[in-house]
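To start, the structure itself, in structure tokens.
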There are 2 protein chains.
Amino acid sequence: MKKALILLGCPEAPSQTPMAVYSVYKLTSLGYQVTVASTPSALKLLEVSDPEELYVKNKIDIESCLENLEEGIFDLLVGFVHKDAAVSYFVTFYSILNTSSIAVVFERDPELLENYIESIEESTDATIVSARAYHNPTPLRVKFDRALKKLED
Amino acid sequence: MKKALILLGCPEAPSQTPMAVYSVYKLTSLGYQVTVASTPSALKLLEVSDPEELYVKNKIDIESCLENLEEGIFDLLVGFVHKDAAVSYFVTFYSILNTSSIAVVFERDPELLENYIESIEESTDATIVSARAYHNPTPLRVKFDRALKKLED
């Protein structure tokens with residue numbers, strides 16, 4: 001079975017937790033076994049958002065995940081990037097896993113958004129899905145679906 | 001079957017959508033048939049957050065809901081309050097339904113939080129669940145569970 005890892009950083013934006021559940025659902029429907037690695041605050045929101053664990057079955061603390069990370073244990077990396085710290089996490093996980101990767105970059109401020117995108121482009125060959133998303137998850141969702149479809153083709 | 005209505009306004013805070021799903025789950029487990037009435041932007045986040053409708057089965061636009069609202073059609077009103085507009089919605093729905101009501105008030109700014117609480121206390125006899133919540137849903141979740149338990153006793 002193909003394995004995917006989703007990275008969640010600081011949940012400042014209202015669309016992060018909903019989009020995280022959506023991407024677990026989407027990747028699961030494409031046949032992936034999905035693990036979500038997140039910071040403690042992102043984890044709490046995820047637990048409240050899916051109290052019966054109907055969508056998100058495998059959750060792990062992002063630091064514990066990093067400690068045991070090595071090349072080959074995941075086939076796909078998806079990172080949610082909304083802060084500088086999340087850029088660093090994504091680049092670190094990308095370098096260790098060395099596999100297909102998608103960065104989902106979202107930020108209301110266009111300058112910050114551009115900064116995050118540039119930082120990721122400088123350090124990785126990841127597919128970048130980005131939007132000036134805050135409230136409205138639709139642009140991110142549509143672009144994310146498109147990136148996955150491309151990956152599967 | 002007891003019927004509950006959950007009101008969702010503008011989804012500025014990252015904890016609103018996760019807490020909305022949680023409260024649907026919780027009320028359903030207590031035997032309520034739950035309907036969520038929300039603004040279009042809150043609805044989009046809810047759809048992404050529960051793509052297979054495993055938790056939230058009944059969704060309606062808040063304005064259409066208001067048009068057909070009358071006393072007796074819901075046994076419990078739960079309103080998420082994070083903006084002035086949400087205070088108005090809550091008070092309006094409260095006045096029409098004239099039934100057990102819980103206002104879940106959350107806001108990072110303590111002065112705004114106090115304002116929302118006062119406005120609701122002035123116009124309703126609703127149970128108020130409040131927290132300076134933004135990222136962390138736990139205080140709200142614990143207080144919400146406690147308010148429901150009290151209501152059920």
Side-chain angles (χ1 to χ4, degrees), chain A residues 8-30 34 36 38-57 59 80 82-83 85 104 106-108 129 131 133-145 148, chain B residues 8-30 34 36 38-57 59 80 82-83 85 104 106-108 129 131 133-145 148:
Chain A
L8 289 186
C10 174
E12 271 288 331
S15 49
Q16 177 168 298
T17 311
M19 270 301 295
V21 175
Y22 178 81
S23 38
V24 172
Y25 153 75
K26 190 78 191 179
L27 288 168
T28 305
S29 75
L30 291 171
V34 187
V36 178
S38 65
T39 59
S41 55
L43 178 64
K44 273 183 192 157
L45 281 171
L46 207 57
E47 283 169 346
V48 166
S49 190
D50 182 18
E52 292 196 274
E53 300 190 322
L54 300 177
Y55 294 106
V56 188
K57 316 254 184 224
K59 291 180 283 241
F80 283 75
H82 177 66
K83 288 269 163 192
V104 182
F106 54 116
E107 165 60 52
R108 193 149 43 174
V129 166
Y134 199 72
H135 286 179
N136 183 354
T138 309
L140 267 185
R141 188 184 55 70
V142 170
K143 288 180 184 176
F144 179 70
D145 285 352
L148 275 185
Chain B
L8 289 186
C10 173
E12 271 288 329
S15 47
Q16 177 167 298
T17 312
M19 269 303 293
V21 175
Y22 179 80
S23 37
V24 173
Y25 153 77
K26 190 78 191 181
L27 288 168
T28 305
S29 75
L30 292 171
V34 188
V36 179
S38 65
T39 59
S41 55
L43 179 64
K44 272 184 194 158
L45 280 172
L46 207 56
E47 284 170 345
V48 166
S49 191
D50 183 16
E52 292 195 276
E53 301 189 319
L54 301 176
Y55 294 106
V56 189
K57 318 254 185 224
K59 291 179 284 236
F80 283 76
H82 175 67
K83 289 268 165 195
V104 183
F106 54 115
E107 166 58 53
R108 192 149 43 174
V129 167
Y134 198 73
H135 285 180
N136 184 354
T138 309
L140 268 184
R141 186 184 55 70
V142 170
K143 288 178 182 175
F144 178 71
D145 285 352
L148 276 184

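A note on names: the letters A, B, ... follow the listed sequences, proteins ahead of strands, and every chain is numbered from 1. Bear in mind the structure is a predicted one, so any value in this text is a computation, not a measurement.
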Bottom line for B:Glu12: the part with an atom under 4.5 Å from chain A's heavy atoms is both
| Hey, does B:Leu45 have a side-chain heavy atom less than 4.5 Å from the side chain of A:Ser15? | yes
Pair count under 4.5 Å, heavy atoms only, with chain B: among A:Val24, A:Leu54, A:Val21, A:Val48, highest is A:Val48
Discussion item. Does either side chain, that of B:Asp50 or that of A:Tyr55, offer a donor lying less than 3.5 Å from an acceptor on the other one?
Written reply: yes
Value for CD (B:Glu52) from OG1 (A:Thr28), rounded to nearest 0.5 Å, stands at 9.0 Å
Tightest non-hydrogen contact, residues B:Ser49 and A:Ser49, listed as OG-OG, 3.4 Å
